[in-house]
Amino acid sequence: MTSLRQQDAPTRKGLFRISDLARETGVPVGTIKFYMREGMLPPPTLKTGRNMAYYDRTFVERIRCIRELQQKRFLPLDVIKAILDGNSAVISPREIETLLALEGNFYESVHYAPGHKPLTRAEVTERYLVDEEKIQSLVEAGVLTPTTRNGKDIFEGEDVLMLETLEALREAGFSDEIIPQETALPIYVEALSKLASQELKLFSRGVTGKVDDAKLAEMALAGIRGVEQFIVLLRRKLILRAIQELREESSTESTGTDD
């Protein structure tokens, strides 16, 4: 009798396991799983069990495209998904052209981190005293986006700056015992993802047909720097306002009397 494995073998020819996708694209398995959870990738081409699935060549191209749009064009995932799916309700073809015209120094200026050499996972674990589970949770949350080279995950540029920032917070006393990472990260990622998406839509709709390509990158970079400063100042103001509101609520509760 022919075994099930032998029967299935011809159907799997030319297909990829998720580890194969990671090797072909240079994108870690954890990040590919994140894309799947976010609906960035279609269902598997072939599913042979609860934890076993196979994917065709189109997944390789789509993953590479997602990575390109994320790392070199800094587009939010919902905009990337709209571009790949041709969803003009989210972003129009002309707005897509505007965003794709942003090339060269703009991306290098945003992504470049001078004086910070790339690090492997092992080097990250040793330098920042974080375990593999913690690193993987940051990858799966979309906070870190390593590139796979020669079978190893490499963290570089703003990922290294992010790791240094998180280390500084831990040294200041913000340990998992005080504020658990699994509680805080989703709040920041969800809120800032929505903000980034809305900012991008405002920008692309505002400049499309009004600003020529030669000035586009310069204007976008100035906008990012200006808005970042605006957000820092506004956040401080809102924190002070929230503290004042809590103080007033506490004062009202302490002086209140029962009817």
Side-chain angles (χ1 to χ4, degrees), residues 2-87 111 118-125 128 130-160 162-163 166 181-182 185-186 188-190 193 196-197:
T2 304
S3 69
L4 179 60
R5 180 177 297 275
Q6 288 173 326
Q7 289 176 339
D8 284 349
T11 8
R12 298 174 188 176
K13 186 177 181 180
L15 298 182
F16 300 84
R17 294 171 299 179
I18 194 167
S19 57
D20 300 324
L21 293 178
R23 186 174 59 254
E24 286 280 323
T25 62
V27 176
V29 168
T31 303
I32 295 174
K33 290 181 177 179
F34 172 70
Y35 292 160
M36 291 175 177
R37 289 197 302 273
E38 294 296 310
M40 304 295 293
L41 297 170
T45 307
L46 174 66
K47 196 166 179 65
T48 59
R50 183 178 178 184
N51 297 313
M52 182 60 69
Y54 295 84
Y55 310 87
D56 61 39
R57 169 62 62 176
T58 62
F59 281 80
V60 173
E61 302 308 322
R62 190 173 177 104
I63 291 168
R64 284 175 176 165
C65 188
I66 293 170
R67 192 64 157 191
E68 169 86 7
L69 293 172
Q70 263 193 308
Q71 289 196 328
K72 294 187 178 180
R73 304 183 191 277
F74 295 88
L75 303 184
L77 288 180
D78 65 332
V79 173
I80 293 174
K81 187 174 188 300
I83 291 173
L84 295 176
D85 294 343
N87 187 349
H111 194 61
L119 302 171
T120 64
R121 279 189 184 243
E123 289 171 331
V124 168
T125 299
Y128 300 107
V130 291
D131 57 31
E132 173 62 29
E133 183 179 353
K134 189 74 66 179
I135 296 172
Q136 188 59 30
S137 68
L138 291 168
V139 172
E140 292 182 356
V143 174
L144 299 178
T145 51
T147 298
T148 301
R149 295 179 192 155
N150 299 320
K152 292 183 179 181
D153 287 350
I154 305 295
F155 299 87
E156 56 190 343
E158 58 191 12
D159 274 359
V160 179
M162 182 71 75
L163 287 163
L166 293 173
Q181 179 175 291
E182 61 268 20
L185 278 182
Y188 282 97
V189 172
E190 181 180 358
S193 292
S197 180

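All values reported here derive from a predicted model rather than from experimental measurement.
A pairwise comparison of heavy atoms in I66 and I80 identifies O-CD1, 3.9 Å as the closest pair. Between R17 and Y54, the shortest heavy-atom contact is CG-CE2, 3.6 Å. The shortest non-hydrogen separation linking V139 to G30 is CG1-C, 4.3 Å. Scanning all heavy atoms of the two residues, the minimum distance from L185 to A141 falls at CD1-CB, 4.5 Å.
Side-chain contact check for E24 versus I63: every heavy-atom pair is 4.5 Å or farther apart. Side-chain contact between P44 and F59 is absent, with no heavy-atom pair separated by less than 4.5 Å. Inter-residue side-chain proximity for T45 and T58 is flagged as unmet; no heavy-atom pair is nearer than 4.5 Å. M162 has its side chain out of reach of L138: every pair of non-hydrogen atoms, C-beta onward, lies at least 4.5 Å apart.
The local environment of NZ in K47 is crowded, with over 12 non-hydrogen atoms from other residues, nucleotides or ligands closer than 6.0 Å. Annotation: E133, atom CD; neighbour count of heavy atoms from other residues, nucleotides and ligands within 6.0 Å does not exceed 12.
Note on K134 versus D131: no salt bridge recorded, every NZ/NE/NH1/NH2 to OD/OE distance being 4.0 Å or above. Ion pairing between K81 and E38 fails under the 4.0 Å rule for side-chain N and carboxylate O. Under a 4.0 Å N-O distance rule, the pair D85/R62 qualifies as a salt bridge.
Each ring-ring contact (aromatic ring centres under 6.0 Å, His included) pair with one or both residues in residues 13-36, not counting sequence neighbours, would appear here, but there are none.
In terms of modelled atom types and a separation under 3.5 Å, the side chain of T125 and the main chain of R121 share a donor-acceptor contact.
Of the inter-residue distances, the one linking L15 atom CG with T48 atom OG1 reads 10.5 Å to the nearest 0.5 angstrom. Distance check: E156 CD to T145 OG1 gives 9.0 Å after rounding to the nearest 0.5 Å. Distance check: R64 CZ to L21 CG gives 10.0 Å after rounding to the nearest 0.5 Å. Between the CE atom of M40 and the CD1 atom of I32 there is a distance of 13.0 Å, given to the nearest 0.5 Å. For the atom pair CG of D20 and OH of Y55, the computed distance is 10.5 Å after rounding to the nearest 0.5 Å. We find the CG-CD1 distance between D159 and I154 to be 11.5 Å, quoted to the nearest 0.5 Å.
Partner F155 forms a side-chain contact (heavy atoms from CB on, under 4.5 Å) with one of I135, T120, T147 and no other, that one being I135.
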* Worked check of side-chain contact (heavy atoms from CB on, under 4.5 Å) between V160 and Y128 -> CA-CA 10 Å; V160 179; Y128 300 107; 3.8 Å; yes
